[in-house]
Amino acid sequence: MIAYFENLPRRLSAAAGEDDSNTSDETNNDDLKSFGRDFGGMVTSVPAAVIQPSTTDEVASAIRFARAKGFALAARGNGHSIHGQAGAAGGLVLDMRRLAGPIGLTGGPGGPCAVVPAGALWAEVLEWAVTKHRMAPPSWTDYLGLTVGGTLSNGGVSGQTFRHGPQVVNVSQLEVITGDGERRLCSPEAGEADLFFAVLGGLGQFGVITRAWIPLLPAPDAVKWIRVVYSDFARYASDAESLVNRYGPDSFDYLEGFAFVNGDDPVNGYGLVPLDSGRQTFDPDRLPQGSGPLLYCLELALHCRHADDKRAAEMLKPLGYVKGLEFCAKVSYVDFLSRVNHSEAEARENGTWDAPHPWLNIFVSACDIVDFDREVFRKILRRGVGGPMLVYPMLRRKWDQRMSVSVPDGEIFYLVALLRFARSPPAGPSAEEMMAENQAVVDRCRSAGYNYKLYLPHYRDQSQWAVHFGENGWSRFLDRKVRYDPAAILSPGQLIFSPEAPPHSR
Ligand SMILES: Cc1cc2nc3c(=O)[nH]c(=O)nc-3n(C[C@H](O)[C@H](O)[C@H](O)COP(=O)(O)OP(=O)(O)OC[C@H]3O[C@@H](n4cnc5c(N)ncnc54)[C@H](O)[C@@H]3O)c2cc1C
C-alpha cells in the first residue's frame with residue numbers, strides 16, 4: 001500500500017499496521033489537490049491522505065484505521081463525479097484505480113461471469129471480455145472510462161437499460177468491506193442479501209466494493225447503428241415507448257435519444273446527428289414547415305445476429321420520424337460501445353474536457369415527459385446546453401426496488417441528461433450560470449409537480465436526502481447505514497452523513 005499525505009507523516013501507515021517502506025511523505029500538495037478535484041471541476045475537497053491499496057486486505061486495514069482515528073474515507077473510482085461525491089476533505093481517499101488487477105472468468109449455474117476488481121474501468125472489462133472470450137456484460141454506460149465500483153454505487157445506465165436493466169441489476173455477487181473493516185461476500189442467494197442490495201446504488205455509504213461478479217453473454221461481432229429525426233416530441237416519445245415495451249426478435253438491442261437545436265449551431269445543432277459527418281449530411285429542407293426550436297433524434301442499434309438491412313428497415317417502417325432524416329452505419333461491437341471516445345478526444349483537444357461540467361441528470365416519469373418537453377426543453381433549454389441533451393425511456397420493472405437507487409413511480413420513466421461541455425468564459429457561460437439554469441430546471445419539475453428523481457443525486461442536507469428517498473426509502477437507508485457504517489466514515493462527499501453527524505435509525 002502506498003499512501004500520500006501531508007502533515008500526517010508515517011503515522012498513517014504505521015497506525016494502519018503497514019510496512020511504511022512504500023510510503024511517501026514527500027508527496028506533495030499537487031498530488032493531494034488532484035485527488036481533491038473531479039470531472040465536475042466545481043468542488044475542491046483536498047484530502048489529508050490518499051491511500052493506494054493493491055489488495056482487498058489493504059482496503060480493509062485502511063477502513064479500520066480510518067474508523068479508529070475518526071477519519072472520513074472515500075473510495076474514489078475514476079473521479080468522474082460532478083459535485084465532489086468521491087472526495088473527503090481533510091479525510092482519506094482510497095484510490096480504487098490501484099485495485100484494478102486482473103479480471104477472472106468463472107462459471108456457475110447462471111452461466112459465465114467476469115470477476116472484476118472494483119477499480120477496473122468498463123473499457124478494460126470490454127477489452128478483456130471481447131478479445132479474450134468473445135463475451136460481454138449485457139448492460140453498459142455510454143462512456144467507459146468509469147470504474148465498475150463507481151457505476152455500481154450509482155446505477156449505470158445506457159441504451160441497453162430498457163432491455164437488460166441498469167448495471168446494478170447485472171451483477172450476481174459482490175465482495176464488500178463494510179464500515180467496520182470486515183470483508184463480506186454478498187449475493188441475493190448466498191447470503192448477506194440486504195448488504196448486496198444496499199450497496200448497489202448505495203452512493204458508497206455502506207461499504208467499499210472490492211470485487212464484482214458480472215454475468216456475461218455472447219458478444220455480437222457487429223452492430224447496425226441508426227439515428228432518425230423527429231420534429232414532434234409527442235410522436236418521438238410514443239415511438240420510443242412502444243419500442244422499449246417490445247421484447248423478442250423485433251426488439252432493438254439498444255435505444256437512446258436526444259434533443260438538439262433546430263439550426264446549424266455547430267455545438268447544439270444538426271451536426272450532432274450524422275453518424276459519419278464526413279459522408280452523411282443533415283438536410284434541413286426535409287423538416288416539416290413550422291418545426292419548433294428543438295428536434296429529437298432517436299438512436300437505435302441492432303446486434304449483428306439480426307442486423308440484416310431488410311430487418312432493420314421493417315422495424316423502422318411504423319415509426320413516425322421525418323423521412324429522409326435517417327442515418328445508418330455498421331460498426332464493430334467494440335467500436336459501437338467505445339463511440340464516446342471520439343467525443344472525448346475532441347473535447348480534450350478543444351479544452352472543454354477540462355472545463356467545469358455542471359451536469360444534471362434527472363429521471364422523469366413518462367406521464368410528465370411531454371409537459372417537461374414543453375416547459376423545460378422548449379423554454380428553458382431551447383438554445384441547447386453546449387452538449388448532448390439525452391432524453392430516452394426505460395422500464396421501471398427492469399430495476400430492483402430492494403436496491404438503494406431511487407426511481408420515479410410509473411411503468412416507464414425517462415433519463416434526461418444535460419451533458420454540458422461549455423467553453424470557459426468569455427467564450428461560454430460561467431459554471432454559475434449553468435448551475436442556475438440547472439436549478440431552474442429542477443425548480444420547474446418541483447413546481448409543476450412532476451414525478452421525478454435526480455439520478456447521480458446531489459443534495460446539501462439530510463432533509464433533502466430524506467425527500468429524495470421518500471419516507472420508506474429513507475428509513476431503510478438510515479437502518480442500513482446504522483448496520484453497515486454506524487460511525488458514518490464512508491463517502492462523506494455525498495453530504496448525507498459524516499463522522500460528526502452519524503445516523504440514528506428510526
Ligand atoms: C464523461 C462521463 C460519462 C458518463 N456516462 C454515464 C453513463 O452513460 N451512464 C451512467 O449511468 N453514468 C454515466 N456517468 C456518471 C457516472 O456513472 C458516475 O459519475 C460515476 O460515479 C463515475 O464513476 P467513477 O468510477 O469515476 O466514480 P467516482 O466518481 O470516483 O465515485 C462515485 C461515487 O461512488 C463511490 N465509489 C467509487 N468507487 C467505489 C467502490 N469501489 N465502492 C464503493 N463506493 C465507491 C465514491 O465514493 C463516490 O461516492 C458519466 C460520467 C462522466 C463524467
Side-chain angles (χ1 to χ4, degrees), residues 81-83 85 149-157 161 165-171 174 176 178-179 186-188 192-209 360-368 393-417 442 445-446 448-498 501-506:
S81 293
I82 299 299
H83 297 282
Q85 288 97 327
T151 68
L152 292 181
S153 300
N154 280 296
V157 298
T161 304
Q167 291 180 323
V168 283
V169 306
N170 286 282
V171 51
L174 293 170
V176 175
T178 43
C186 52
S187 76
E192 303 264 21
D194 182 67
L195 176 61
F196 178 81
F197 291 120
V199 161
L200 291 167
L203 308 172
Q205 295 302 307
F206 309 112
V208 174
I209 303 169
L360 179 66
N361 285 269
I362 322 177
F363 291 138
V364 181
S365 170
C367 62
D368 294 317
M394 44 192 79
L395 301 169
R396 191 175 199 265
R397 66 171 181 274
K398 298 282 178 179
W399 294 67
D400 189 324
Q401 301 311 315
R402 292 170 292 180
M403 294 175 180
S404 295
V405 196
S406 194
V407 297
D409 301 327
E411 244 176 77
I412 295 184
F413 61 86
Y414 282 68
L415 172 71
V416 173
V442 174
C445 290
R446 195 177 306 120
Y450 297 155
N451 188 340
Y452 76 98
K453 295 281 179 188
L454 294 191
Y455 173 52
L456 310 167
H458 160 65
Y459 295 106
R460 299 211 154 270
D461 65 57
Q462 267 193 15
S463 61
Q464 294 173 315
W465 281 108
V467 173
H468 171 77
F469 285 109
E471 198 173 332
N472 294 338
W474 178 237
S475 86
R476 184 179 68 180
F477 203 83
L478 282 173
D479 288 347
R480 285 173 164 173
K481 187 72 176 175
V482 168
R483 203 168 311 139
Y484 302 120
D485 179 30
I489 58 169
L490 296 177
S491 223
Q494 297 281 2
L495 306 182
I496 310 175
F497 306 102
S498 69
H504 300 286
S505 76
R506 293 184 174 175

Can I get a per-line list of side-chain donor-acceptor pairs under 3.5 Å for residues 410-417, giving both atom names and the distance, sequence neighbours left out?
residue: Tyr414; atom: OH; partner: Ala237; partner atom: O; Å: 3.4
residue: Tyr414; atom: OH; partner: Glu241; partner atom: OE2; Å: 2.7

Decide yes or no for Arg476 and Phe469: does some side-chain heavy atom of the first lie under 4.5 Å from some side-chain heavy atom of the second? no
Determine yes or no for a side-chain-to-main-chain donor-acceptor pair under 3.5 angstrom, with Trp474 supplying the side chain and Ser463 the backbone. no
Student check: side-chain heavy atoms of Tyr452 and Arg446 closer than 4.5 Å: yes
Any side-chain to backbone donor/acceptor pair from Lys481 onto Gln205? Under 3.5 Å, distance only. yes
Would you call Tyr459 and Leu454 a side-chain contact if the rule is heavy atoms closer than 4.5 Å? yes
I'd like to know if the side chain of Ser404 reaches the main chain of Leu203, judged simply by a donor and an acceptor atom lying under 3.5 Å from each other, with no hydrogens or angles considered. no
With a 6.0 Å cut-off on ring centres, are Phe206 and Phe477 close enough? yes
From Phe497 atom CZ to Ser491 atom OG, the distance as rounded to the nearest 0.5 Å: 11.0 Å
Candidate pair Val199 and Cys186, rule side chain to side chain contact (heavy atoms under 4.5 Å, CB included), full reasoning: CA-CA 10 Å; Val199 161; Cys186 52; 5.8 Å; no
For Gly204 and Ser153, which heavy atoms make the closest approach, and how far apart are they? N-CB, 4.0 Å
What I'd like to find out is whether the side chain of Phe363 reaches to under 4.5 Å of the side chain of Ser406, using heavy atoms alone. no
Test item: Asn154 side-chain N/O and Leu456 main-chain N/O as donor-acceptor pair under 3.5 Å: no
Applying side chain to side chain contact (heavy atoms under 4.5 Å, CB included) to Arg402 and Phe196, what does each step give before you reach the verdict? CA-CA 9 Å; Arg402 292 170 292 180; Phe196 178 81; over 6 Å; no
Using a 3.5 Å distance criterion without hydrogens, assess whether the side chain of Asp461 forms a donor-acceptor pair with backbone atoms of Gln464. yes
Donor-acceptor pair, Asp194 side chain versus Ala198 backbone, under 3.5 Å? no
Heavy-atom closest pair, residues Pro486 and Pro503: O-CD, 3.7 Å
Donor-acceptor pair, Gln462 side chain versus Ile496 backbone, under 3.5 Å? yes
For the side chain of Tyr484 and the backbone of Gly207, is there at least one donor-acceptor N/O pair under 3.5 Å apart? no
Any donor-acceptor N/O pair, Lys453 side chain to His468 backbone, under 3.5 Å: yes
Do Met403 and Val169 have side chains that approach each other closer than 4.5 Å (heavy atoms only, starting at C-beta)? yes
Below 4.5 Å, heavy atoms only, C-beta onward: do Leu200 and Leu174 meet side chain to side chain? yes
Donor-acceptor pair, distance only, cut-off 3.5 Å: does the side chain of Asn451 make one with the backbone of Ser365? no
Spacing of OG1 belonging to Thr161 relative to CD belonging to Gln167, to within rounding of 0.5 Å: 7.5 Å
To the closest 0.5 Å, what do you measure between NZ (Lys398) and CG (Asn170)? 9.5 Å
What do the steps show when you test Val407 against Arg396 for side chain to side chain contact (heavy atoms under 4.5 Å, CB included), and what is the final call? CA-CA 8 Å; Val407 297; Arg396 191 175 199 265; 3.8 Å; yes
